[in-house]
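Not measured: the values here are computed from a predicted model. All values below come from the heavy atoms of this structure, side chains included, with hydrogens, waters and symmetry mates left out. Start at 1 and go down the list; that is how both ligands and their atoms are numbered.
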Amino acid sequence: MTAPAGPSSPVLSRRDALRATGATVAAATALGMRGVHADNPSGDVLKIGLIGAGGRGRGALVQTLSVPGSNVKLTAIADAFKGGIDGTMRAVEGMQEKIDCPEDRRYEGLDGYQRVIEACDLVILATPPGFRPMHFQAAVAAGKHVFMEKPVCVDSYGARLVLEAARQADEKKLKVVVGLQRRYQTNYREALAKVREGLIGDIIGGQVYWNGSGIWYRNRQPNTTEMQFQVNNWYHFNWLCGDHIAEQHVHNIDVANWFLDRLPESAYGVGGRQNRVESQPSEIYDHHAVNFTYPGGVRIASQCKQFPGGDGRVDEEFQGSKGVLRLHPGFAQITDHSGKELWKFSGENPDPYQVEHDELHAAIRNDTPKNDAYYGATSSFSSVLGRLATYSGKTWDYQKALDLDYRTMPENPSWETVPPVVPDKDGNYPLPMPQTFKITSVTTPAVS
Ligand SMILES: NC(=O)c1ccc[n+]([C@@H]2O[C@H](COP(=O)([O-])OP(=O)(O)OC[C@H]3O[C@@H](n4cnc5c(N)ncnc54)[C@H](O)[C@@H]3O)[C@@H](O)[C@H]2O)c1
């Protein structure tokens with residue numbers, strides 16, 4: 001890996017990052033047949049690589065192979081475990097004319113990503129998010145277009161790495177889409193247009209929620225190392241998943257940043273674990289509640305939970321000086337403060353997971369600007385900021401947190417690496433507690 005952008009490096013500030021993001025809603029243009037390779041605009045087959053062949057990687061692969069009119073071939077695939085590769089090859093069995101991925105371009109383990117990047121024009125990054133900054137940086141260094149799943153980082157170091165690689169992607173005219181699919185959903189885009197027209201006035205405050213029931217647990221298998229257990233059961237380890245405030249709730253926090261067109265200045269919150277199953281040792285909380293403060297004094301209250309019972313809620317609401325906007329993936333409505341409806345979304349809402357790939361291919365073919373990595377990084381880091389607040393019980397400033405020497409992913413991880421967190425004699429992992437929480441980096445001693 002190249003040297004990271006350190007705390008004193010000239011990394012992008014919040015405002016630079018927002019400016020660089022520019023307009024995020026690009027109309028899909030008709031597919032032409034140029035610009036496939038950043039360095040070879042005349043090429044026409046778009047070679048696809050997949051890194052992280054689990055549930056979402058498989059879905060994204062099928063979507064990218066299904067872009068109408070796009071000449072594509074899967075050429076290489078990597079997964080930590082053979083099961084992911086085999087399952088994915090089975091999932092695309094019916095698309096043989098789009099598959100050119102022999103056994104010797106199927107890589108098992110943690111270092112296959114480099115080989116996949118070499119073998120493709122467009123790479124899908126869908127491993128657990130802890131690996132994302134390292135994989136994104138490698139893809140950009142190699143001059144490849146990228147579709148990457150959210151979140152795109154789980155700590156300060158990773159956020160800086162992605163922001164710096166985003167800048168390099170622009171220089172190389174690479175195209176990048178991030179799987180924050182609300183940005184590709186027609187009801188969200190139309191609602192945003194109404195907000196920008198002034199239908200709810202100035203946004204004064206809002207609430208964003210991902211309150212669900214639970215998450216899977218993958219039990220320890222015989223004859224596996226601690227590293228293999230954690231990578232397989234990645235949702236329960238912060239260095240791999242960033243806790244569920246980053247892993248899932250990033251979608252809603254991103255909507256707040258997007259609609260406000262600002263990034264939070266600070267976060268303050270509480271969280272904990274009250275319902276995780278005792279026989280399933282885990283390092284993450286099962287609930288977080290955070291107040292984000294934005295420039296202009298706007299407050300967004302965020303909640304996420306992962307335990308059964310109570311009302312489930314995954315949506316966003318913004319109060320403005322003239323009205324209120326309510327949003328969720330199938331719905332968008334604006335009322336005035338008396339409850340009278342001013343607007344309601346009623347159009348077609350095509351599958352945003354497909355639209356992401358349609359628009360990515362169009363940008364590649366037509367060489368039009370497309371780089372979601374800035375907002376991918378700043379929204380992912382906003383959710384990390386929320387986690388810092390709930391783990392520490394303290395108010396965290398966005399820019400100070402971004403500049404921290406806070407790195408959770410070991411350099412060059414392999415199956416021999418000792419994970420950053422190991423179980424105690426009873427098999428349990430330490431739970432972050434405000435009284436004892438410290439920012440630590442896997443490569444340096446604690447700094448605060
Ligand atoms: N946008 C969405 O709505 C959405 C939905 C689901 C998942 N996701 C995101 O997709 C990512 C993957 O989630 P998933 O549900 O597919 O998980 P998953 O566990 O099903 O798949 C992850 C795969 O990555 C593999 N892997 C782990 N480390 C690897 C490495 N270093 N190199 C190569 N392969 C590695 C695992 O073996 C596994 O097959 C996550 O970031 C998640 O947040 C996004």
Side-chain angles (χ1 to χ4, degrees), residues 49-63 76-91 106-117 123-136 138-139 147-154 158 162 177-185 210 212 215-218 221 224 227-237 239-255 284 304 306 314 329 351-357 372 376 379-380 383 409-415 417 419:
L50 172 63
I51 300 170
R56 184 76 269 277
R58 213 166 286 170
L61 174 63
V62 169
Q63 276 133 8
I77 183 169
D79 196 276
F81 303 104
K82 191 167 179 302
I85 297 173
D86 293 347
T88 299
M89 295 311 295
R90 279 196 301 276
R106 302 177 196 173
Y107 306 101
E108 183 189 341
L110 297 182
D111 52 7
Y113 71 97
Q114 290 283 15
R115 310 294 304 279
V116 171
I117 288 169
V123 63
I124 296 170
L125 307 181
T127 64
F131 294 106
R132 197 91 67 245
M134 176 174 101
H135 291 171
F136 180 55
F147 172 82
M148 59 176 166
E149 264 308 337
K150 43 48 65 173
V152 305
C153 59
V154 300
V162 174
V177 164
V178 170
L180 288 162
Q181 69 272 10
R182 282 159 179 75
R183 298 223 186 202
Y184 289 82
Q185 239 170 310
W210 193 300
I215 191 69
W216 48 257
Y217 193 90
R218 295 170 180 160
Q221 299 300 312
T224 49
M227 185 72 170
Q228 285 168 323
F229 165 65
Q230 292 194 16
V231 169
N232 186 42
N233 192 31
W234 60 269
Y235 209 124
H236 295 272
F237 298 96
W239 65 281
L240 289 161
C241 86
D243 208 321
H244 65 108
I245 187 171
E247 224 301 309
Q248 276 174 312
H249 193 34
V250 63
H251 282 296
N252 320 97
I253 293 171
D254 175 59
V255 171
I284 66 173
C304 56
Q306 279 188 340
V314 179
D351 177 4
Y353 292 97
Q354 186 60 52
V355 177
E356 288 171 342
H357 293 269
D372 298 351
S379 288
S380 300
S383 58
M409 171 61 65
E411 197 161 356
N412 300 320
S414 73
W415 290 140
T417 305

Heavy-atom proximity to atom 44 (C) of ligand 1 ranks first, among E149, Q230, M409, for E149
Close approach of H251 to ligand 1, heavy atoms, under 4.0 angstrom: yes
Looking at side-chain heavy atoms only, is the closest gap between L110 and F131 below 4.5 Å? yes
Under 3.5 Å, is there a donor-acceptor pair between the side chain of H236 and the main chain of W216? yes
Which residue and heavy atom of the protein sit nearest atom 34 (N) of ligand 1, plus the separation: A80 N, 3.1 Å
Counting non-hydrogen protein atoms only, what is the nearest one to atom 27 (C) of ligand 1? Give residue, atom name and distance. P128 CD, 3.1 Å
Of the listed options (M134, R182, K150), which comes nearest to atom 9 (C) of ligand 1 when hydrogens are ignored and any heavy atom counts? K150
Taking only non-hydrogen atoms of G179 and a 4.0 Å limit, the atoms of ligand 1 in range are 1 (N)
At under 4.0 Å between heavy atoms, what of R56 touches ligand 1? The answer is both
Starting from atom 43 (O) of ligand 1, what is the nearest protein heavy atom, named by residue and atom, and what distance separates them? E247 OE2, 2.4 Å
Atom 22 (C) of ligand 1: of A126, G52, G87, the nearest heavy atom sits on A126
The closest protein heavy-atom partner of atom 21 (O) of ligand 1 is G54 CA, 3.2 Å
At a 4.0 Å cut-off, with the gap strictly under it, does some heavy atom of Q248 reach an atom of ligand 1? no
For V178 and F147, the nearest pair of non-hydrogen atoms, with its separation, is C-CE1, 4.4 Å
Which residue in the set Q63, Q181, R56 passes side chain to side chain donor-acceptor pair (under 3.5 Å) when paired with Y353? Q181
Answer whether the closest heavy-atom distance between the side chains of D372 and Y184 falls below 4.5 Å. yes
Between W234 and ligand 1, does any nitrogen or oxygen pair lie at a separation below 3.5 Å? yes
Show which atoms of ligand 1 fall inside a sub-4.0 Å distance from at least one heavy-atom site of R218. 18 (P), 19 (O), 20 (O)
Between CZ of F81 and CD of Q221, what distance do you get to the nearest 0.5 Å? 9.5 Å
Under 3.5 Å between some N or O of ligand 1 and some N or O of Y353? yes
May I ask you to identify the nearest protein heavy atom to atom 41 (O) of ligand 1, giving residue, atom name and distance to one decimal place in Å? R132 NH2, 2.7 Å
May I ask you to test the P410-W239 pair for a side-chain heavy-atom distance under 4.5 Å? yes
Just let me know how R58 lines up against ligand 1, side chain, backbone, both or neither, with a heavy-atom cut-off below 4.0 Å. neither
If you measure from each heavy atom of F81 to ligand 1, is any distance below 4.0 Å? yes
Between R182 and N252 (side chain of the first, backbone of the second, donor and acceptor by atom type, cut-off under 3.5 Å), is there such a pair? no
Looking only at non-hydrogen atoms, find the nearest pair between W234 and L240 and report the distance. O-CB, 3.7 Å
Heavy-atom closest contact (S383 atom, I253 atom, distance): CB-CD1, 3.8 Å
Closest protein heavy atom (residue, atom, distance) for atom 28 (N) of ligand 1: F131 CE1, 3.3 Å
Determine whether a donor-acceptor pair (N or O, by modelled atom type, separation under 3.5 Å) exists between the side chain of R132 and the backbone of C153. no
Do L110 and ligand 1 have an N or O pair less than 3.5 Å apart? no
Give a yes or no answer on whether the side chain of D79 reaches the backbone of I85 with a donor-acceptor pair at less than 3.5 Å. no
If you measure every N or O of G55 against every N or O of ligand 1, does any of those distances drop under 3.5 Å? yes
Scanning both residues in full, the closest heavy-atom pair of A80 with V231 reads CB-CG1, 4.1 Å
Is there a nitrogen or oxygen of G84 sitting under 3.5 Å from a nitrogen or oxygen of ligand 1? no
Nearest protein heavy-atom contact for atom 32 (N) of ligand 1: which residue, which atom, what distance? T127 CG2, 3.7 Å
L61 versus L50, closest heavy-atom pair with distance: CD2-CD2, 4.1 Å
Give the residue, atom name and distance (to 0.1 Å) of the protein heavy atom nearest atom 25 (C) of ligand 1. D79 OD2, 3.2 Å
Mode of V231 contact toward ligand 1 - side chain, backbone, both, neither (heavy atoms, under 4.0 Å): side chain
Using modelled atom types only, decide if a donor and an acceptor are shared between the side chain of E356 and the backbone of V177 within a distance under 3.5 Å. no
Within 4.0 Å of some non-hydrogen atom of P129, the atoms of ligand 1 are 41 (O)
